[in-house]
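Structure, as structure tokens:
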Amino acid sequence: MPRRLHLRGRSDGRAATAGDGVTIELSVAIVGAGPAGVHAAGALSELAPGTRIDIFERLPAPYGLVRHGIAPDHPARVTKLTGELRAVLAGSGARLFCGVEIGTDVTVRDLRNRYDAVVIATGARRDVPVELPGLNLPGSFGAADFVAWYSGHPDASPAWTLRAESVAVIGAGNVALDVIRMLSKPAYALAGTGIPLHVLNEFAASPVRDIHLFARRGPADTRFSPTELGELGDQDDVDVIVDPADLAPDLHMERMTRQFAPTRKVVDILRAWSRIPAAARTASRRVHLHFYRIPAAVLGVDRVQGLRTERAVPDGYGHITGSGDYEDHKVQAVYRAIGYAVSPLAGVPFDPGTRTVPHRAGAVLGEPGLYVTGWAKRGCIGLVGATRADTFQTARTLLQDHVRERGTDHA
Ligand SMILES: Cc1cc2nc3c(=O)[nH]c(=O)nc-3n(C[C@H](O)[C@H](O)[C@H](O)COP(=O)(O)OP(=O)(O)OC[C@H]3O[C@@H](n4cnc5c(N)ncnc54)[C@H](O)[C@@H]3O)c2cc1C
């Protein structure tokens, strides 16, 4: 009769330890050595010491988007998170195999035949697909490609030309802010951050003067974090321009700013920028933040020459409708930062609607012994801290299933 594994700890799993005298004979393969894969190894070794863990990573080095996603002008953050992941990896006793792509070099089926359990932690590296006329014109880019280029991702071609004086960025989250900061920041402020030299040289040669962000909805509906937003205004030689009309209060904005402190801070920062008189703007680069603008088309014949947006009308309850009023903005490049998307992995179920691996508490539906964690599980949202918490849920589910199925004696 199956006996139970005693797992002790707080409900968030942080202080969880294996029960007295627990040893589990269990082998686990983890696919992906990003934050989720590394923390999954940490969670398994903490909850069930002695678990044999192998991590397979397609790139030559671990840590996923922490290495190839976090903007290089945040070097302290990269160093801190990398140091934490390194410590978790070392403490877990896991073996790390880099340069092995699961699905290509080895199949998921192979892993499932050789290990008791397989955890998918493959994260994301592509832009979410969007449909917009003109999107395929030269000069129209996805943020994921741009991020991969400036962070020296091995998949990214080193060739990227920054030749636009006016740029549009579509999106209202922190990746859009990263893109704007990287485009607007003076190159000297990037030197010494670990940014690849060919990238630094390209930023130094960039003729950009005006960067326009277009958000579909209002200031209270952005996904900006206040710190990241505030950083835009702290840069040398960059003015941030916001039209006060976009900040006209309505019931929805009042409710959101009352209820959510980060939203209040975001709106306060935007209001402060909207009050800066035009005469005080003397910087050589300008960031314009536009709200209630629905992207309608990327314009151009053989390359990007503009972006058409439609004015959105808020209804005061958090919804918008198109007004039928269109504006054309003259830009030579368009960056879309609408979000990242998980890519399907052969041998692993995939829900094209949510673009995630379907699961219950981390157990992949209909696939015993297969688990998922991180962005592949939750979708492409959330910081590394959220990913860590989520790995504990998956690890607990895996261990409980193992005990149930094998009847392992842990009591
Ligand atoms: C532009 C950007 C900036 C960000 N900035 C911050 C920030 O400042 N602070 C913060 O806390 N969070 C930040 N985040 C969020 C953070 O990066 C994610 O929360 C976190 O990386 C998700 O972890 P993950 O392990 O699920 O995915 P990933 O980080 O994507 O890791 C997945 C790993 O799996 C590997 N892999 C994929 N497929 C295979 C395969 N078939 N075989 C083997 N290996 C495979 C990948 O190479 C990668 O190493 C940022 C995200 C982005 C996109």
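Each ligand, and each atom within it, is numbered from 1 in the order the structure gives.
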Checklist entry - How does Val175 reach ligand 1, if at all, at less than 4.0 Å between non-hydrogen atoms: by side chain, backbone, both, or neither? => result side chain

Checklist entry - Purely on distance, is any nitrogen or oxygen of Gly382 under 3.5 Å from one on ligand 1? => result yes

Item to check | Residue, atom name and distance, where the atom is the protein heavy atom closest to atom 20 (C) of ligand 1 | outcome: Pro35 CG, 3.8 Å

Next on the checklist: With respect to Ala36, determine whether any N or O atom, backbone or side chain, lies less than 3.5 Å from an N or O atom of ligand 1.
Outcome noted: yes

Item to check | Contacts of Lys265 that satisfy salt bridge (Lys or Arg N to Asp or Glu O under 4.0 Å) - sequence neighbours left out | outcome: none

Next on the checklist: For Ala121, which part has a heavy atom under 4.0 Å from ligand 1: side chain, backbone, both, or neither?
Outcome noted: backbone

Checklist entry - Yes or no on ring-ring contact (aromatic ring centres under 6.0 Å, His included) for His329 and Phe214, after CA distance, side-chain angles and deciding distance? => result CA-CA 11 Å; His329 313 270; Phe214 296 98; 4.4 Å; yes

Checklist entry - Hey, are Arg404 and Asp401 close enough for a salt bridge, meaning a charged N less than 4.0 Å from a carboxylate O? => result yes

Item to check | Aromatic ring proximity, centroids under 6.0 angstrom, Phe141 and Phe146 | outcome: no

Next on the checklist: Any carboxylate oxygen within less than 4.0 angstrom of a Lys/Arg side-chain nitrogen, looking at Asp246 and Arg293?
Outcome noted: yes

Item to check | Contact list for residues 348-369, test salt bridge (charged side-chain N to carboxylate O under 4.0 Å, His left out), sequence neighbours left out | outcome: Arg112-Glu367

Checklist outcome for this item: With heavy atoms and a 4.0 Å threshold, my read on which part of Val100 contacts ligand 1 is backbone

Checklist outcome for this item: With heavy atoms and a 4.0 Å threshold, my read on which part of His74 contacts ligand 1 is neither

Checklist entry - Can you tell which part of Leu65 has a heavy atom less than 4.0 Å from ligand 1: side chain, backbone, both or neither? => result both

Checklist entry - Looking only at protein heavy atoms, which one is nearest to atom 41 (N) of ligand 1, and how far off is it? => result Ile102 O, 2.9 Å

Item to check | Glu231/Lys185 salt bridge by N-O under 4.0 Å criterion | outcome: no

Item to check | Close approach of Glu101 to ligand 1, heavy atoms, under 4.0 angstrom | outcome: yes

Checklist entry - Backbone, side chain, both or neither: what part of Tyr340 comes under 4.0 angstrom of ligand 1, heavy atoms only? => result side chain

Item to check | Sub-6.0 Å ring centroid separation between Phe392 and His39 | outcome: no

Next on the checklist: I'd like to check whether Arg125 has a polar contact with ligand 1, where a contact means an N/O of the residue lying under 3.5 Å from an N/O of the ligand.
Outcome noted: no

Checklist entry - Does ligand 1 have any atom sitting under 4.0 Å from a heavy atom of Ala124? => result yes

Checklist outcome for this item: If you scan protein heavy atoms around atom 27 (O) of ligand 1, the nearest is Gly123 CA, 3.2 Å

Next on the checklist: For ligand 1 and Asp178, I'd like to know whether there is a polar contact (N/O to N/O, distance under 3.5 Å).
Outcome noted: no

Checklist entry - Is there any N or O on Thr373 that sits under 3.5 Å from an N or O of ligand 1? => result no

Checklist entry - Relative to the ring of Trp375, is the ring of Tyr340 parallel (under 30°), tilted (30 to 60°) or perpendicular (over 60°)? => result perpendicular

Checklist entry - Any non-hydrogen protein atom below 4.0 Å of atom 43 (C) of ligand 1? => result yes

Checklist entry - For atom 12 (N) of ligand 1, which protein heavy atom lies nearest, and how many Å away is it? => result Leu383 CD2, 3.4 Å

Checklist entry - ligand 1 and Leu59, any nitrogen or oxygen pair closer than 3.5 angstrom? => result no

Next on the checklist: Main chain of Gly103, side chain of Thr107: is a donor-acceptor contact present, judged purely on distance under 3.5 Å?
Outcome noted: no

Checklist entry - Which residue holds the protein heavy atom closest to atom 31 (O) of ligand 1, what is that atom called, and what is the gap in Å? => result Gly34 CA, 3.4 Å

Checklist entry - Minimum heavy-atom separation for Phe291 to Val242, with atom names? => result CE1-CG1, 4.4 Å

Item to check | Carboxylate-amine/guanidinium proximity below 4.0 Å for Arg378 and Asp390 | outcome: yes

Item to check | Shortest heavy-atom approach to atom 34 (O) of ligand 1 - which of Gly32, Ala61, Ser151 | outcome: Gly32

Next on the checklist: Can you confirm, on distance only, whether ligand 1 has an N/O atom lying under 3.5 Å from any N/O atom belonging to Gly374?
Outcome noted: no

Next on the checklist: Show the atoms of ligand 1 that are less than 4.0 angstrom away from any heavy atom in Arg77.
Outcome noted: 7 (C), 8 (O), 9 (N)

Next on the checklist: I'd like to know whether the aromatic ring centres of Trp149 and Tyr335 sit less than 6.0 Å apart in this structure.
Outcome noted: no

Checklist entry - Applying the side chain to side chain contact (heavy atoms under 4.5 Å, CB included) test to Val167, which of Leu213, Val331, Val208 qualifies? => result Val208

Checklist outcome for this item: The atoms of ligand 1 lying under 4.0 Å from a heavy atom of Leu345, numbered in the order shown, are 41 (N)

Item to check | Gly385, any N or O under 3.5 Å of ligand 1 N or O | outcome: no

Checklist entry - Would you say ligand 1 has an N or O under 3.5 Å from any N or O of Glu57? => result yes

Checklist entry - Where do Asp250 and Tyr317 land on the side chain to side chain donor-acceptor pair (under 3.5 Å) test, with the steps shown first? => result CA-CA 8 Å; Asp250 64 4; Tyr317 296 95; over 6 Å; no

